Protein chains: 2
Amino acid sequence: MEEVKTFESICNLLRNRSYKLTPQRQTILQTFLEHVDRHLSAEEVYMLVKHQNPEIGLATVYRTLDILAEIGILLKNDFGDGRSRYEFSRKDEHHHHHHLICLGCGNVSEFDDDLLESLEAVIIKRNQFKIMDHDLKFYGYCSQCGEGH
Amino acid sequence: MEEVKTFESICNLLRNRSYKLTPQRQTILQTFLEHVDRHLSAEEVYMLVKHQNPEIGLATVYRTLDILAEIGILLKNDFGDGRSRYEFSRKDEHHHHHHLICLGCGNVSEFDDDLLESLEAVIIKRNQFKIMDHDLKFYGYCSQCGEGH
DNA sequence: ATGATAATGACAATCCTTTGCAAGTGATTT
DNA sequence: AAATCACTTGCAAAGGATTGTCATTATCAT
């Protein structure tokens, strides 16, 4: 359980899981560390990474994103725009934050709230449903795009 | 604003929007009226509809689902299984229900709650974000699949 | 260093969905 | 009832995101 996720600590995590530390994986990881607040698609990562390493292939980006999500470094999100988007997972939050998705500019911001905790308790009792994860999204218009809507 | 959605009332709605009432559209509509509680994918609708009308094309199913969603008869959902799923929209609910998605059998059940109302008020103030829609999903295991998890 | 083994890049294949198009059909007017 | 015309259809092809294949290359423990 790393509390602060540095480049080195993540490299160690990869090694511990017996993933090889290739330059491609390091470059992709760097990209997320440099864009901690963004929600990047595979294609966007590919574009960013090509600046450092023009040889890299799109399939490698997909494979690396899979791995980084699998070991908990990235979170895979679906904001309904037809592609998966990955964000850096800062802390080990078992109940991660929610998203505000702007229908105007597509920007994604984040929102923390504990309200769902109590809601989950109700659901477990009322529906006999064991909750493993939840996903809450708000679609609307951010302050920049809000005019006229 | 129809309160009860009968086959006839929906046909009228189509006509009023100057959509033609073709047999294909009627058959697809029937299918949803016969499976009011299900969350069908285009492919599933296609299979069901082919029993009544083997001539129908998949593209027509897609186009009809689009229309029925556009006029508010169906709701288009994304449960993360790589295809869109449509459900019959029973009442005119501006704030629609939430979904419980079973990771075991894939079954989707529904859940009503007003808790998000108050949460939305907080978000509007705190984030200056005009909310148009929300989407809340719980992933877990239903009572049948729950053993062992 | 070197060898076992995993990872890469290029490309094909897949899956769901949309689109182009020629032919057909529903609704309206005559 | 026939003519009309825009809307619809079915088919096949195209799209876009993702995954699979496979020969080549690179990593890491020894």
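Because the structure is predicted, anything quoted here is derived from the model rather than measured.
Rounded to whole Å, atom C1' of D/dC7 lies 16 Å from atom CG of B/Asp66. Rounded to whole Å, atom P of C/dC16 lies 14 Å from atom OH of B/Tyr86. For the pair A/Met47 CE and D/dA17 P, the computed distance is 10 Å after rounding to whole Å. Across the protein-nucleic acid pair, B/Glu55 atom CD and C/dG24 atom C1' stand 13 Å apart, rounded to whole Å. The CZ-P distance, from B/Arg85 to C/dC16, rounds to 10 Å in whole Å. Regarding A/Arg25, its CZ atom lies at a distance of 6 Å from the C1' atom of C/dA7, rounded to whole Å. As a whole-Å value, the separation of B/Ile56 CD1 from C/dG24 P is 18 Å. The distance between atom CG of B/Leu68 and atom P of D/dT8, rounded to the nearest whole Å, is 12 Å.
Ion pair A/Glu87/A/Lys76 not flagged as a salt bridge, since none of the NZ, NE, NH1 or NH2 atoms sits closer than 4.0 Å to an Asp/Glu carboxylate oxygen. For the pair B/Glu70 and B/Arg17, the salt-bridge criterion is met [side-chain N within less than 4.0 Å of a carboxylate O]. Ion pair B/Arg83/B/Glu44 not flagged as a salt bridge, since none of the NZ, NE, NH1 or NH2 atoms sits closer than 4.0 Å to an Asp/Glu carboxylate oxygen.
At a cut-off of 3.5 angstrom, the base of D/dG20 holds no donor-acceptor pair with the side chain of A/Arg63. In the interface, the side chain of A/Lys20 is not paired with the base of D/dA26 through any donor and acceptor atom under 3.5 Å apart.
Checking the phosphate oxygens (OP1, OP2) of C/dC16, no side-chain nitrogen or oxygen of B/Ser84 falls inside 4.0 Å. Between A/Gln24 and D/dA26 there is no side-chain polar atom (N or O) within less than 4.0 angstrom of OP1 or OP2. Side-chain nitrogen and oxygen atoms of A/Thr22 include none within less than 4.0 Å of the OP1 or OP2 phosphate oxygen of C/dA7. Side-chain nitrogen and oxygen atoms of B/Arg83 include none within less than 4.0 Å of the OP1 or OP2 phosphate oxygen of C/dC15.
Of all nucleotides listed (C/dA7, D/dT8, C/dT18), C/dT18 comes nearest to the side chain of B/Tyr62. Considering only the side chain of B/Arg15, C/dA27 comes nearest among D/dT9, C/dA27, D/dT18. Checked against D/dC28, D/dT9, D/dT18, the side chain of A/Leu21 finds its nearest nucleotide in D/dC28. Taking only side-chain atoms of A/Ala59, from C-beta outward, the nucleotide of D/dG20, C/dT5, C/dT8 with the closest atom is D/dG20.
Under a cut-off of 6.0 angstrom, the local environment of CD in B/Gln30 is crowded, with over 12 non-hydrogen atoms contributed by other residues, nucleotides or ligands.
For the residue pair B/Glu110/B/His39, the side-chain donor-acceptor check at 3.5 Å is satisfied.
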